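All figures in this text were calculated on a predicted structure; none of them were measured in a lab.
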Amino acid sequence: MKAALKEQILTVLAEIPPGRVTTYGRIAAMTEGGTPRLVARALRELPAGHGLPWFRVITASRRLAEHPGADEQRRRLIDEGVAFDARGRVVPERMWP
DNA sequence: CGTTTGACGCGGC
DNA sequence: AGCCGCGCCAAAC
């Protein structure tokens, strides 16, 4: 994948404030030529120990995507004060922007 | 080089 | 309000 695009994706990711979440699609829309799938791929390929808030990225339906780290993601979001409704969806007020 | 494969999204139904 | 099908596109095979 193009280095410039990956750089943009990671830049946007780093700007998500603590306690807020955004979607793969929104991040894609803030980049040039980005698509939701490419954003997901970029996150998947992140090396361990990077400091980026990968856990603040959720799906357009405001649920957690299915992946090996979903459990940890849910914990970390709750630790940041992100609330989930009874159906497991993040409350709209926590969406960023 | 053709196929398959997804941390997705959207429009129909 | 969910589910399904299709589009998407770089990577792995």
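Of the candidate nucleotides C:dC9, C:dA1, B:dA7, B:dA7 has the atom lying nearest to any side-chain atom of A:Y24. Taking the side chain of A:T35 as heavy atoms from C-beta on, and the options B:dC8, C:dC9, B:dG9, the nearest nucleotide is C:dC9. Closest contact between the side chain of A:R41 and the listed nucleotides C:dA10, B:dA7, B:dG9 involves C:dA10. In this structure, the nucleotide among B:dA7, C:dC9, C:dA1 sitting nearest to the side chain of A:H67 is B:dA7. Residue A:W54 has its side chain nearest to B:dA7 when only B:dA7, B:dC8, C:dG2 are considered. In this structure, the nucleotide among C:dC8, B:dA7, B:dG9 sitting nearest to the side chain of A:R37 is C:dC8.
Comment: A:R74 engages A:D71 in a salt bridge, judged by a side-chain N to carboxylate O separation of less than 4.0 angstrom.
Separating the NZ atom of A:K6 from the P atom of C:dC9 is a distance of 18 Å, rounded to the nearest angstrom. Here C:dA1 presents its P atom at 12 Å from CG of A:D85, a figure rounded to the nearest Å. The separation between A:I58 atom CD1 and B:dA7 atom C1' is 12 Å, rounded to whole Å. Distance, A:K2 NZ to C:dC8 C1': 16 Å, rounded to whole Å. Straight-line distance from the CG atom of A:L43 to the C1' atom of C:dA10: 15 Å, rounded to whole Å. Separating the CD1 atom of A:I9 from the C1' atom of C:dC9 is a distance of 12 Å, rounded to the nearest angstrom. What separates CG of A:D71 from C1' of B:dA7 is a distance of 14 Å, to the nearest Å. A:L38 places its CG atom 14 Å from the P atom of C:dA12, with the value rounded to the nearest Å.
Crowding of A:E66 atom CD: a count of heavy atoms from other residues, nucleotides or ligands under 6.0 Å not exceeding 12. A:E7 CD: 12 or fewer foreign heavy atoms inside a 6.0 Å radius.
Taking all atoms of both residues into account, the shortest heavy-atom contact from A:T22 to A:W96 is OG1-O, 2.8 Å.
Atom OG1 in A:T35 sits 8.0 Å away from atom CG in A:L5 (nearest 0.5 Å).
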